[in-house]
Amino acid sequence: MAEPAATPRLTDRDRSAAERAAIDASCRGPVLYFTTSAVVWLLIGSLLALVASIKLHSPYFLTGSPELTFGRVRMAHLQAVAMGWSSMATVAACLWLMCRLSRAELVYPKLLYLSGTLWNVGVLVAVLGILLGDAQSVEWLDAPRYAPPFFVAGLGIVAAWVMAVFRRRQEPHVYVTQWYILAAVFWFPWLYLTTVFMIFWSPATGVVQPIVNWWFGHNVLGLWFTPVAVGTAYYLIPKIIGRPIHSYYLSIMGFWALALFYSWAGMHHLIGGPIPAWLATASTVGSMMMFIPVIAVAINHHMTMRGHFRRLKYSPALRFTVFGAIAYTWVSFQGSIEALKDFNEVVHFTHYTVAHAHLGVYGFVAMIFFGLYYYMIPRLTGREWVSPLLIRVHFWCAAVGITLYFVSLSIGGWWQGRMLNNPNIPFGRIIDYLLPYLYARSIAGVLLTVGHLAFATLFVMNLFGWGRLRSGPTYFVEPEETTPTPTTERAERELIPVR
Amino acid sequence: MDRGMVIFVGALLTFSSSWLGLILFPYWQLNNEQPFQKDPTETPYPLPLQGLALAGKTVYQQNGCMYCHSQQVRSERFGNWWDEHGQMRTGADIKRGWGLRRTVSRDYIYDNPTMLGTMRTGPDLANVGVRYSEQWQHTHTFNPRAINQWSIMPSFAFLYTKERIVGERSAKALKLGREWTVNPGYRWRPTDREWEAILQQHGDSIRSRYRAEHGSDLDSPDSNQRLLEFWLTTEEEGYQIVPTAEAEALIAYLMALKKAEFPLPEAKE
C-alpha cells in the first residue's frame with residue numbers, strides 16, 4: 001500500500017531538487033562575485049575600524065600622515081563596511097533569495113558582473129578618495145563626488161534584475177521575504193538619488209541638508225539593510241528547522257508597519273538641533289511606532305523557533321541568524337527609547353549612539369548575512385565548509401566582540417553624556433573617564449577582526465574547492481536527529497519558503 | 001499578498017509619505033530663509049564665508065573634523081544636571097561657553113555642507129572663533145597635547161612645515177619648546193645617553209640660560225632633571241615650524257566660526 005504513494009513523492013523531490021540546482025547554477029556567478037567582493041570589503045573595513053579605534057585612545061598611533069588621520073580613516077571605514085560589505089552582501093541576498101523564491105532562473109547574468117564591477121569601483125574610489133583628501137564630511141555620504149554615479153548605475157542594474165526575476169516567477173505564492181526584497185530594491189535607489197541630488201548636485205540651503213542627510217542615514221539602515229536582513233531571517237529560520245512561519249498575518253503587519261513607520265524616523269538624529277520642533281516630534285512618533293513591526297517580527301520569529309532552540313547547538317547558519325534576529329529586537333527597542341527627548345538629551349553626542357549603530361549594522365545585519373553565507377555558499381559551490389572549528393572561532397569572536405563593543409561603549413557613552421550635560425565638569429575629565437572604554441572597544445575590534453579572518457579563510461577555501469563535496473551541512477556538532485525536508489504541498493499550505 | 005503591484009504601490013505610498021513630510025515640507029519652510037538685518041544700514045547676519053576661510057572649510061571637510069566636533073548649540077532647556085545643592089539645572093552648552101544662545105536654522109543659511117555634527121568627542125565649535133586666539137589654534141592644531149595633556153585629538157603636524165631658519169625667525173613660526181618640534185607631531189625626549197652628550201657639548205650655555213631665568217638653584221639632587229625639563233621647553237635652535245597654506249586656511253575658517261553670538265529674534269527662549 002505504501003509503495004505507490006511514495007514513488008511520485010520521490011520523483012517530485014528529485015524534480016524540485018533538479019530545479020533548485022538549475023536556479024542556483026544560473027545565479028552562481030553573479031552571487032559569488034558580490035559575496036566575494038563583500039568579504040574583501042569586510043576585511044578592509046575591519047582594518048580601517050581598528051586603526052580608527054586605536055587612534056581614539058592612543059593619538060600618537062600612525063599620526064604622521066594626512067591619509068591616516070582619524071577623521072579620514074573613520075569615513076573610509078564607514079564607506080568600506082556600509083557601501084562595500086553590507087550593501088554588496090545585501091545585493092547577493094536579494095539576487096539569490098529572489099531567484100530561489102520565485103523559482104526562476106537568472107537571465108543575462110553578465111550585466112550583473114558589470115553592476116558588481118561598477119559597485120566595486122565606486123567603493124574603491126570612495127575609500128581611496130577619502131584617504132587621499134577628497135572626503136565630503138556628510139555622514140554616510142562621505143564618498144567623493146565622483147563615486148555616486150558608480151553606485152547609481154550599479155544599483156539600477158541590480159534593481160532591474162531583481163524586478164525581472166520577480167516578473168518571471170513560476171511560483172504563484174509570493175513569500176514574505178520577496179515583499180521585503182522588492183520594497184528594498186525600490187526604496188534604496190530612490191533614497192540614494194534624492195539625497196545625492198539634494199546635498200551634492202543641487203545643494204539645499206543650510207539645515208535642509210542635515211535633514212536630508214539624516215533621512216538618508218537612518219533609512220539606509222531602515223529601508224535597505226533591515227528589510228533584506230529581516231527577509232533573510234524569514235527565509236533561513238523556517239528553512240533550516242523545517243517548519244512554517246508562525247503567523248502569516250503577523251508577517252503582513254510587520255512588513256507594512258515597517259514600511260510606514262521606519263521611513264518617518266530619522267530626524268531624531270537632530271533632536272535639540274536647529275530644526276523645526278515639529279520635525280523632530282514627527283520622527284519621535286515614527287520611532288515609537290516602530291515597536292509594532294519589531295514586536296510583530298520578534299513574536300513571529302520566536303514562535304517559529306519555539307521548541308527548536310536546541311538546533312542552535314549544531315547549525316552555524318541558524319545560530320548566526322537567530323543571534324541577528326535577537327539583536328534586531330534589542331536594537332530596535334533601544335532605538336525607539338533613544339528617540340525620546342529626555343533620553344536623547346543625554347546620549348545624543350556620545351559613544352552611546354556609536355554602540356547603538358554597531359549593534360544594528362553588525363549585531364543584527366552582519367550576523368544575519370553571515371548566517372546567509374553559511375547556508376547559501378555551499379549550495380552555490382557544491383562544497384561544504386571545511387572546518388567547524390573555524391566557524392566556531394568566527395561565531396564566538398563575532399558574538400563576544402560585538403557584545404563587548406556594545407556594553408563598553410554604552411556604559412562609557414551614557415556617563416560621557418551625563419558629564420557633558422554638567423558644565424562644571426571640565427572637558428579633560430570626560431576624556432580621562434572614557435579612556436578605559438575606548439581601550440575595551442579596541443579589544444572588541446581585534447576580536448571582530450580575528451573572526452572576520454576566520455570567516456574569510458573558510459570562504460576562500462570553499463571557493464577553491466577545499467571542502468568535501470556537498471552531502472549535508474557542516475555542523476558545529478553532529479545533531480542527534482534529522483528532520484524530514486518539507487514537501488511542496490505542505491510548504492504551500494503552511495507557508496514554508498518552498499525553494 | 002501574492003500580487004507584485006500591491007507591494008509596489010504600498011511601498012511607493014509609504015515612502016512618499018515620509019518624503020513629503022520629512023523632506024518636502026522642511027524644504028518649503030526653510031530653503032529660502034534670508035539673512036537677518038534690523039535696518040538697511042546694519043550689516044546683515046550671517047555673511048557667507050570668503051577667501052581663506054572658505055578654503056579652510058574644505059580642509060575641515062577633508063579631514064573629517066565634524067566626526068568629533070559638532071557645530072550646534074542646544075537650548076537653555078536642554079541637558080540636565082544637578083548642582084551641589086541637588087537642584088536640577090539645564091543648558092550646559094551655553095554654560096560651557098559654546099554660544100550665547102541656541103543656534104537656529106538661520107545661522108546656517110550659507111553653510112555648504114552644513115556640518116552640524118552628531119558627536120562630541122571634542123567640544124562644540126559653533127563659536128570657536130571667539131574662544132581662542134589664532135596663535136592658540138595653530139599650536140593646538142599642530143599638537144593638541146602641547147596645550148592639553150589629556151587631549152586625544154590627532155596631531156595635524158602634516159599641515160605644518162619644519163624648515164631651517166634663513167635669516168630671521170618667521171613671525172608666523174609656532175612658539176613651542178623643542179620637545180614638540182624636534183619630531184613634529186610627537187613629543188620628543190632625549191635618551192639618557194643623548195642627554196649626556198648634549199650636556200657635554202652645550203651644558204654651560206644651557207645652565208647659564210637656566211640661571212638667567214630661574215636663578216641659581218642648580219645644586220639640589222634633581223637638578224639634572226630640572227635642567228632637562230627646562231631645556232625641553234626652550235625653542236629648537238636653527239629650525240622653525242611654519243603653517244602651510246592649508247593650515248592657514250583651516251585656522252581662518254575656525255576663526256570665522258562665530259555662530260550663536262549675534263542675537264537673532266527667533267532664538268529668544
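In what follows, every chain begins at residue 1, and chains take the letters A, B, ... in the order their sequences are listed. Side chains are part of it too, since the values below use all heavy atoms of this structure and drop only hydrogens, waters and symmetry mates.
With a 4.5 Å cut-off on non-hydrogen atoms, Pro66(A) touches chain B through its backbone and its side chain both. Using a 4.5 Å cut-off between heavy atoms, Trp28(B) does not touch chain A at all. When heavy atoms are compared at a cutoff of 4.5 Å, Arg167(A) does not approach chain B at all. Residue Arg145(B) touches chain A through its side chain alone, counting heavy-atom pairs closer than 4.5 Å. Only the backbone of Ser151(B) has a heavy atom closer than 4.5 Å to any heavy atom of chain A. Heavy atoms closer than 4.5 Å to chain B are found in the side chain of Ser283(A), but not in its backbone. With a 4.5 Å cut-off on non-hydrogen atoms, His348(A) touches chain B through its backbone and its side chain both. Residue contact with chain B, scored on non-hydrogen atoms closer than 4.5 Å, is absent for Val73(A). With a 4.5 Å cut-off on non-hydrogen atoms, Asp142(A) touches chain B through its side chain but not through its backbone. For a residue to count as touching a neighbouring chain, one of its non-hydrogen atoms must lie under 4.5 Å from one of that chain's; by this rule Met198(A) touches chain B with the side chain only. The contact between Ile431(A) and chain B is made entirely by side chain atoms (from C-beta outward), counting heavy-atom distances below 4.5 Å. For a residue to count as touching a neighbouring chain, one of its non-hydrogen atoms must lie under 4.5 Å from one of that chain's; by this rule Thr63(A) touches chain B with backbone and side chain alike. Neither the backbone nor the side chain of Leu132(A) has a heavy atom closer than 4.5 Å to any heavy atom of chain B. Of the two parts of Arg74(A), only the side chain, counted from C-beta on, holds a non-hydrogen atom closer than 4.5 Å to a non-hydrogen atom of chain B. Both the backbone and the side chain of Leu12(B) come within contact range of chain A, judged by heavy atoms closer than 4.5 Å. Of the atoms belonging to Ser17(B), heavy atoms from both backbone and side chain fall under 4.5 Å from chain A. Both the backbone and the side chain of Asn422(A) have a heavy atom closer than 4.5 Å to some heavy atom of chain B. Interface remark: Phe166(A) contributes side-chain atoms only to the contact with chain B (heavy atom separation under 4.5 Å). Within the 4.5 angstrom heavy-atom criterion, no atom of Gln149(B) approaches chain A. Contacts between Gln178(A) and chain B at a heavy-atom distance below 4.5 Å are absent for every atom of the residue.
Between chain B and the options Ser58(A), Ala282(A), Ser65(A), the largest number of non-hydrogen pairs under 4.5 Å is found for Ser65(A). Of the listed residues (Phe261(A), Phe255(A), Trp215(A), Tyr262(A)), the one with the most heavy-atom contacts under 4.5 Å to chain B is Trp215(A). For the set Leu420(A), Ile275(A), Leu223(A), Val354(A), the count of heavy-atom pairs under 4.5 angstrom toward chain B peaks at Leu420(A). Highest contact tally toward chain A, considering only Cys65(B), Ser18(B), Gly64(B), is held by Ser18(B) [criterion: heavy-atom pairs under 4.5 Å]. Chosen from Pro59(A), Pro210(A), Pro423(A), the residue pairing most often with chain B at heavy-atom distances under 4.5 Å is Pro423(A). Contacts with chain A were tallied for Trp150(B), Phe78(B), Tyr67(B); Tyr67(B) has the most, counting heavy-atom pairs under 4.5 Å. Of the listed residues (Val6(B), Asn80(B), Val59(B), Val104(B)), the one with the most heavy-atom contacts under 4.5 Å to chain A is Asn80(B). Annotation: maximal heavy-atom pairing with chain B below 4.5 Å, among Lys341(A), Arg429(A), Met419(A), His57(A), occurs at Lys341(A). Between chain A and the residues Cys68(B), Gly91(B), Gly97(B), Gly122(B), the most heavy-atom pairs under 4.5 angstrom are made by Gly122(B). Between chain A and the options Lys95(B), Glu33(B), Arg3(B), Gln72(B), the largest number of non-hydrogen pairs under 4.5 Å is found for Gln72(B). Between chain B and the residues Ala259(A), Gly206(A), Gly71(A), the most heavy-atom pairs under 4.5 angstrom are made by Gly206(A). With respect to chain A, the highest number of heavy-atom pairs below 4.5 Å among Leu159(B), Leu13(B), Leu30(B), Asn63(B) belongs to Asn63(B).
Gln29(B) and Trp278(A) are linked by a side-chain donor-acceptor pair at a separation below 3.5 angstrom, with hydrogens and angles left out of the test.
Using cut-offs of 30° and 60° on the angle between ring planes, the pair Trp136(B) and Tyr132(B) is parallel.
Separation of the Phe158(B) and Phe156(B) ring centroids falls under the 6.0 Å cut-off.
Among the residues in residues 106-119 of chain B, those with a non-hydrogen atom closer than 4.5 angstrom to a non-hydrogen atom of chain A are Tyr108(B), Ile109(B), Asp111(B), Asn112(B), Pro113(B), Thr114(B), Met115(B), Leu116(B), Gly117(B), Thr118(B), Met119(B).
In this structure a side-chain-to-backbone donor-acceptor pair under 3.5 Å is missing from Thr14(B) to Leu260(A).
Of the residues Trp214(A), Trp140(A), Phe216(A), the one that meets the ring pair (Phe, Tyr, Trp, His ring centres under 6.0 Å) test with His269(A) is Trp214(A).
In this structure the side chain of Tyr160(B) reaches within 4.5 angstrom of the side chain of Thr141(B), judged on heavy atoms.
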Please tabulate, for side-chain N and O atoms in residues 181-191 of chain A, each donor-acceptor pair with protein atoms closer than 3.5 Å (sequence neighbours left out).
| unit_1 | atom_1 | unit_2 | atom_2 | d |
| --- | --- | --- | --- | --- |
| Trp187(A) | NE1 | Ala11(B) | O | 3.1 |
| Trp190(A) | NE1 | Thr194(A) | OG1 | 3.3 |

